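Protein chains get the first letters and strands the later ones, always in sequence-line order, with residue 1 at the start of each. Keep in mind that this is a model prediction, so the values were computed, not measured.
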2 protein chains.
Amino acid sequence: MQAFQNYDSAFNALGDPTRRAIFEKLASRPLSVVHIAEGLAVSRPAVSQHLKVLREAKLISMVQQGTRSIYSVNSEGVHAMRDYLDRFWTESLENFKQIAEQTEKQKTKSYAANKKRSNR
Amino acid sequence: MQAFQNYDSAFNALGDPTRRAIFEKLASRPLSVVHIAEGLAVSRPAVSQHLKVLREAKLISMVQQGTRSIYSVNSEGVHAMRDYLDRFWTESLENFKQIAEQTEKQKTKSYAANKKRSNR
DNA sequence: ATTTATGGTAAGTTTAAACTTACCGTTAGT
DNA sequence: ACTAACGGTAAGTTTAAACTTACCATAAAT
């Protein structure tokens, strides 16, 4: 379904607070590296490293403008992640019903009765 | 909008390959700890630790059935993450247009003309 | 031609995450 | 009561991630 690459790298990229801050900053508008680093608590090289991670995760992209590197959110990558979660969200909703059923049965029946269901 | 908690912990939780494997396994059906650990390359205590992380990230939940702990995907948490990405996806789409415009202008106008836009 | 702005990368340090084995408490079956 | 199954936590090790400073290359402005 997705011509995307690695979900691990994508989720991992957004798992870091500094990178999430960068990502959210870029979501409001494309920015150069110095401007991205401006509000943040870390050094400019650290930002460069984070940008590399986000870029490899296909969550942001870059265009060169002279000496400046303008970074922006890569909507394709974000969309792919969204779709991933969407898939499991649908699945988990069904499971939610199952759990509800199990919980109901727990109230009336014994543990032994539920044993079969949870085996594997 | 979201009665959710920490996005960092949620994204971080799915950033680990073992945890993603656990998450996807649980998406298909609720399982006990031993059954979750069964196919995986890591030890059972390691799985317990991962489950704790996923649980604190509100991505899975647990019900006790006698001596067994049955884990399942927490659709609420997944939904919150999906919404988060959705928000930035929408924003990034607008930025995509902006970049397209800038790229267009680059073809005809000089770098100096674009400078104002990218400053801050 | 020189200087200044910009940003990528290298090298090194520190902290934390992912794993292991060992241990223990609780519940279920006999 | 005793034994076995289940699973959480503690302690310790190893690897990797996040940061720093230092350095260098390129493009723009004077």
Between A:Arg19 and B:Phe11, is any pair of side-chain heavy atoms under 4.5 Å apart?
no
Within this structure, what is the CZ-to-C1' distance between B:Arg55 and D:dT9, rounded to whole angstrom?
14 Å
Phosphate OP1/OP2 of D:dC6: any B:Tyr71 side-chain N/O under 4.0 Å
no
Just jot down the salt bridge (Lys or Arg N to Asp or Glu O under 4.0 Å) partners of B:Asp16, sequence neighbours excluded, or say none.
none
Restricting to side-chain hydrogen bond (donor to acceptor under 3.5 Å, both in side chains), what partner residues turn up for A:Arg82, sequence neighbours left out?
B:Asp86
Whole angstrom value for the distance that separates P of D:dG7 from CG of B:Leu51
10 Å
Measure all distances between protein nitrogen or oxygen atoms and nitrogen or oxygen atoms of nucleotides 16-23 of chain C, and list the pairs falling under 3.5 Å.
residue : atom : partner : partner atom : Å
C:dA18  : OP1  : B:Arg19 : NH2          : 3.1
C:dA18  : OP2  : B:Arg19 : NH1          : 3.0
C:dC19  : OP1  : B:Thr18 : OG1          : 3.2
C:dC19  : OP2  : B:His50 : NE2          : 2.1
C:dT20  : OP2  : B:Ser43 : N            : 2.8
C:dT20  : OP2  : B:Ser43 : OG           : 2.6
C:dT20  : O4   : B:Gln49 : NE2          : 3.1

Taken in chain and number order and not counting sequence neighbours, the residues that satisfy ring-ring contact (aromatic ring centres under 6.0 Å, His included) with B:Phe23 are A:Phe88
Here the distance between atom C1' of C:dT6 and atom NE2 of A:His35, to the nearest Å, is 11 Å
What is the distance from CD of A:Glu38 to C1' of C:dG7, rounded to the nearest Å?
15 Å
Listed by chain and number, what are the side-chain hydrogen bond (donor to acceptor under 3.5 Å, both in side chains) partners of B:Asp8, not counting sequence neighbours?
A:Arg20
Bend angle of the helix from C:dA1-D:dT30 to C:dT30-D:dA1, end axes from five pairs each (to 10°)
30°
Atom pair distance, as rounded to whole Å: CD1 in B:Ile70 and C1' in D:dA5
13 Å
Between D:dA27, C:dG8, D:dG7, which nucleotide gets closest to the side-chain atoms of B:Ser48?
D:dG7
